[in-house]
**Q** 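Handing you a structure now.
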Amino acid sequence: MDPFSSEGELLAIHNAFHQGLYQTVVEEDTSSLSKENVLTAKVLKLRARIALGEAEEVEAELDGDDTPELAAVKALAQYKAGSAAEAAQAISELVAAASDNATVQIIGGIILHLDGKSDDAVALLSKHQGSLEAVSLIVQIRLTQNRTDLALKEVQAAKRWAQDSLLVNLAESWVGLRVGGEKYQQAYYVFEELAQAPSTSTASTLVGQAVAELHLGRLDEAEVALQQALEKDPKHEEALVNSIVLSLLAGKDYSDKLSFLNHTAPQHPFLLDFEQKNELFDKAASKYTPKVAA
């Protein structure tokens, strides 16, 4: 039986992880799991701890462990702890040795994408054998590449074998936010249902709701959702990024939020893109000499 299916024993911990319920994942009792699912659950627990800010602790715990799954998690911990080059080297070696390993594919895809090698990430993730997380990551990468057509193709293919999966519903909503039109409202319903239910309300689901609100032009409602997200997790990177975007759209000052994001996540793609665009603007502006009328 597929452990992630509706009857599988990993469904609850898997869905909790992807809803951003990281503390729930860490505290999940896995003592009764089948032997073949113990390692997968351990990987999810370790990744949840990394997401909760325990990257250095996880890295130290896994020092010397050469199990492909745990070595991949260690590389992710290294990346999140600030050792990007070391993590990229470690994942490169793992991919060369175990590219058919599901965890190596997932974490390798994440690190390769963050390291600016998105096409390599997609190539690795595309080797998956029925992994919904791999599908969701490919969708995210394709959207960052402005290839909505390819992202939609991935979602449509996954719906043929995982129609009611949480990850498929989320991925379809991400694509819907890019397609626009009536898809905005459909995406909003998915995120709003997750964000407003006490058992699934997290900073991540609230950010999803807020982004849908932004696309629908409901700035006040988006602001409320983002405030709720930051109350749950003041350092939530995507909540901070979208708060900056909201401030820009509303004509409000965002300098404090930008400064805080620089402090908590200096390598966030938004900041790198923001800096690059500032440099390009300054370079273009330097070619012009202002003319002052007499």
Side-chain angles (χ1 to χ4, degrees), residues 6 11-12 14-22 24 51 132-133 135-160 162-252 254 257 261 268-270 273:
S6 59
L11 179 64
H14 179 263
N15 282 353
F17 180 84
H18 291 292
Q19 289 166 358
L21 295 165
Y22 300 124
T24 299
L132 286 173
E133 185 170 9
V135 170
S136 71
L137 287 169
I138 292 172
V139 169
Q140 290 182 31
I141 292 170
R142 289 307 192 192
L143 290 174
T144 66
Q145 295 176 319
N146 292 317
R147 291 303 307 270
T148 305
D149 57 325
L150 296 180
L152 180 60
K153 183 179 178 181
E154 286 289 336
V155 170
Q156 290 172 336
K159 287 178 70 174
R160 288 196 286 269
Q163 175 70 41
D164 298 323
S165 162
L166 170 68
L167 276 178
V168 171
N169 288 335
L170 288 174
E172 187 172 24
S173 298
W174 301 332
V175 174
L177 290 175
R178 186 63 63 86
V179 172
E182 64 182 17
K183 299 296 184 181
Y184 286 149
Q185 192 66 43
Q186 292 175 14
Y188 168 76
Y189 288 139
V190 171
F191 290 121
E192 191 266 348
E193 181 178 359
L194 291 171
Q196 298 308 315
S199 62
T200 57
S201 181
T202 64
S204 296
T205 55
L206 282 161
V207 168
Q209 178 185 336
V211 171
E213 299 273 25
L214 283 172
H215 282 293
L216 289 165
R218 303 196 291 244
L219 270 61
D220 291 342
E221 291 86 345
E223 185 173 14
V224 171
L226 289 171
Q227 287 173 345
Q228 292 175 344
L230 290 170
E231 286 172 5
K232 289 180 178 292
D233 182 359
K235 295 183 179 180
H236 194 278
E237 296 173 10
E238 301 313 314
L240 288 167
V241 167
N242 282 285
S243 291
I244 293 170
V245 172
L246 175 60
S247 294
L248 282 165
L249 292 173
K252 298 180 180 179
Y254 58 87
K257 296 172 183 175
L261 182 62
H268 193 283
F270 173 84
D273 185 57

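Along the sequence shown, residues carry numbers from 1. For clarity, every value in this text was computed on a predicted model and none was experimentally measured. Side chains are part of it too, since the values below use all heavy atoms of this structure and drop only hydrogens, waters and symmetry mates.
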**Q** Could you list the residues that satisfy ring pair (Phe, Tyr, Trp, His ring centres under 6.0 Å) with His18, not counting sequence neighbours?
**A** His14

**Q** Do Thr202 and Thr205 come within less than 4.5 Å of each other through their side chains, counting heavy atoms only?
**A** yes

**Q** If we only count heavy atoms from C-beta on, is the Val168 to Val135 side-chain gap below 4.5 Å?
**A** no

**Q** What pairs meet the salt bridge (charged side-chain N to carboxylate O under 4.0 Å, His left out) rule with one or both residues in residues 196-212, with sequence neighbours excluded?
**A**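 Those involving residues 196-212 do not exist here.
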
**Q** Would you name the heavy atoms of Ala203 and His236 that are closest together and state the gap between them?
**A**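 Looking at all heavy atoms of both residues, the closest pair is CB-CD2, 3.4 Å.
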
**Q** Would you compute the distance between atom OG of Ser247 and atom CG of Leu219 and round it to the nearest 0.5 angstrom?
**A**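 The distance works out to 9.5 Å.
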
**Q** Taking only residues at least two apart or on different chains, which pairs with a member in residues 180-198 satisfy salt bridge (charged side-chain N to carboxylate O under 4.0 Å, His left out)?
**A**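 Found none.
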
**Q** Go through the structure and list residues passing side-chain contact (heavy atoms from CB on, under 4.5 Å) with Thr144, not counting sequence neighbours.
**A**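 Counting only residues at least two positions away or on another chain, Thr144 forms a side-chain contact (heavy atoms from CB on, under 4.5 Å) with His113, Ile141.
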
**Q** Can you tell me which residue pairs pass the salt bridge (charged side-chain N to carboxylate O under 4.0 Å, His left out) test with a partner in residues 206-231, sequence neighbours excluded?
**A**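 Non-adjacent pairs meeting salt bridge (charged side-chain N to carboxylate O under 4.0 Å, His left out): Glu213-Arg218, Glu223-Lys252.
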
**Q** Give me the atom names and distance for the closest heavy-atom approach of Ser201 to Ala195.
**A**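 Heavy-atom minimum between the residues: OG-O, 2.7 Å.
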
**Q** Among all residues two or more places apart in sequence or in another chain, which pass the salt bridge (charged side-chain N to carboxylate O under 4.0 Å, His left out) test with Glu133?
**A** Arg47

**Q** Can you name the one residue among Ile244, Leu240, Leu246 that meets side-chain contact (heavy atoms from CB on, under 4.5 Å) with Tyr254?
**A**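 Among the candidates, only Ile244 passes.
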
**Q** Does Tyr22 have any ring pair (Phe, Tyr, Trp, His ring centres under 6.0 Å) partners at least two apart in sequence or in another chain, and if so, which?
**A**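 Residues passing ring pair (Phe, Tyr, Trp, His ring centres under 6.0 Å) with Tyr22: Phe17.
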
**Q** Just so I know, are the side chains of Ser243 and Leu230 near enough to count as touching, which here means a heavy-atom distance under 4.5 Å?
**A** yes

**Q** Of all residues at least two apart in sequence or in a different chain, which pass the salt bridge (charged side-chain N to carboxylate O under 4.0 Å, His left out) check with Glu172?
**A**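 Lys159.
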
**Q** Is there any ring-ring contact (aromatic ring centres under 6.0 Å, His included) pair reaching into residues 196-215, and which pairs are they, with sequence neighbours excluded?
**A** Tyr184-His215

**Q** Is Trp174 close to Arg178 at the side-chain level, that is, under 4.5 Å between some pair of heavy atoms?
**A**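 Side chain of Arg178 against side chain of Trp174, heavy atoms only: no contact under 4.5 Å found.
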
**Q** Between Ser173 and Ala187, which heavy-atom pair has the shortest distance, and what is it?
**A**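 What the structure gives for the nearest pair is O-CB, 3.7 Å.
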
**Q** Would you say Phe270 and Leu261 make side-chain contact, with heavy atoms under 4.5 Å?
**A**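 Counting from C-beta outward, Phe270 and Leu261 do come under 4.5 Å.
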
**Q** Closest heavy-atom contact between Ala222 and Ala210?
**A** CB-O, 3.6 Å

**Q** Got a sec, which residues hit salt bridge (charged side-chain N to carboxylate O under 4.0 Å, His left out) with Lys153, two or more places apart in sequence or on another chain?
**A** none

**Q** Residues in side-chain contact (heavy atoms from CB on, under 4.5 Å) with Leu150, at least two apart?
**A**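 Leu150 satisfies side-chain contact (heavy atoms from CB on, under 4.5 Å) with Arg142, Arg147 once adjacent residues are dropped.
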
**Q** Please name all residues satisfying salt bridge (charged side-chain N to carboxylate O under 4.0 Å, His left out) with Asp164, sequence neighbours left out, ordered by chain then number.
**A** none

**Q** Between Leu226 and Leu206, is there a side-chain heavy-atom distance shorter than 4.5 Å?
**A**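 No - every pair of side-chain heavy atoms lies 4.5 Å or more apart.
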
**Q** Would you check if Leu170 and Leu194 make a side-chain contact, meaning some heavy-atom pair closer than 4.5 Å?
**A** yes

